[in-house]
Amino acid sequence: QVQLVESGGGLVQAGGSLRLSCAASGRTFSNYAMGWFRQAPGKEREFVAAIRWRGGVTYYADSVKGRFTISTYNAKNTVYLQMNSLKPEDTALYYCAADPDSDYALRAKTFAYWGQGTQVTVSS
């Protein structure tokens, strides 16, 4: 069974940085797509970034492009989201997601497996 556990959230001032981690277990993830999504209070969940574990091709929402970086660390089955130049509008619950069908997941931004989320709060 796929398990995704996020960590690294917290409170940071605008302009600051945080690195989120997602520890993945239960499968061999080499053919998976991994993603980060976020949901702010009163808003729908939105796509933030994604990566093909094999090959490392990355995808970003326009709102975070140039500020956020998604990466994987194969030895630890971990996915990271480095977030720089944070803004108050980045405040949200951030979720890690995984899907074995990389092509479909990345095309439709639809993922089968989800973590519980980690809260990021950016103060102005």
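In this text the structure is predicted, and so the values were computed from the model without any measurement.
At a threshold of 4.5 Å between side-chain heavy atoms, the hydrophobic network of Ile, Leu, Val, Met, Phe, Trp and Tyr places I51 and L106 in two separate groups. Cluster membership check: F111 does not share its hydrophobic cluster with L81, using side-chain heavy-atom separations under 4.5 Å among Ile, Leu, Val, Met, Phe, Trp and Tyr. L93 and L86 are members of different hydrophobic clusters when ILVMFWY side chains are connected at heavy-atom separations under 4.5 Å. V48 and V122 end up in the same hydrophobic cluster when Ile, Leu, Val, Met, Phe, Trp and Tyr side chains are linked at under 4.5 Å.
Of all heavy-atom pairs between W36 and C22, the closest is CZ2-CB, 3.7 Å. Contact detail for A92 and A40: the closest heavy-atom pair is CB-N, 3.8 Å. Counting all heavy atoms, side chain and backbone alike, N84 lies closest to S17 at OD1-OG, 2.9 Å. Here the closest non-hydrogen pair linking S30 and R54 is O-CB, 3.1 Å. Nearest heavy-atom pair, K65 versus D62, reported as atom, atom and distance to 0.1 Å: NZ-OD1, 3.1 Å. Closest approach of Y113 and R27 over heavy atoms only: OH-NH2, 4.3 Å.
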Task: Residues L20, V120; criterion side chain to side chain contact (heavy atoms under 4.5 Å, CB included); working and verdict - done: CA-CA 9 Å; L20 305 184; V120 172; 3.9 Å; yes
- [ ] Could you go through the side chain to side chain contact (heavy atoms under 4.5 Å, CB included) check for V2 and Y32 one step at a time?
- [x] CA-CA 11 Å; V2 173; Y32 273 57; 3.9 Å; yes
Task: Verdict with supporting geometry, Y94 and E6, side chain to side chain contact (heavy atoms under 4.5 Å, CB included) - done: CA-CA 8 Å; Y94 282 71; E6 303 98 332; over 6 Å; no
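With rounding to the nearest 0.5 Å, the separation of OG in S123 from CD in Q13 is 5.0 Å. In this structure, S124 OG and E89 CD are separated by 10.0 Å, a value rounded to the nearest 0.5 Å. Rounding to the nearest 0.5 Å gives a distance of 4.5 Å between CD of Q3 and OG of S25. Summarising the geometry, atom OG belonging to S63 is positioned 8.0 Å from atom NZ belonging to K87; distances are rounded to the nearest 0.5 Å. To the nearest 0.5 Å, atom CD of residue Q119 and atom CD of residue Q39 are 11.0 Å apart.
The side-chain heavy atoms of N74 and W53, taken from C-beta on, include a pair separated by under 4.5 Å. Side-chain contact between T121 and V12 is absent, with no heavy-atom pair separated by less than 4.5 Å. Residues Y95 and T118 are not in side-chain contact: their nearest non-hydrogen atoms beyond the backbone lie 4.5 Å or more apart.
Under a 3.5 Å cut-off, the side chain of S102 and the backbone N or O of N31 do form a donor-acceptor pair. A donor-acceptor distance shorter than 3.5 angstrom exists from the side chain of T78 to the backbone of K76, with no hydrogens or angles considered. In this structure, T69 contributes its side chain and Q82 its backbone to no donor-acceptor pair below 3.5 Å.
Residue pairs satisfying the ring-ring contact (aromatic ring centres under 6.0 Å, His included) criterion with at least one member in residues 58-93, sequence neighbours excluded, are absent.
With respect to the salt-bridge test (charged N to carboxylate O, under 4.0 angstrom), the residues D101 and R107 do not qualify.
Annotation: salt bridge (Lys or Arg N to Asp or Glu O under 4.0 Å) contacts of D90 (sequence neighbours excluded): R38, R67.
Here the two rings, on F37 and F47, have centers that are under 6.0 Å apart.
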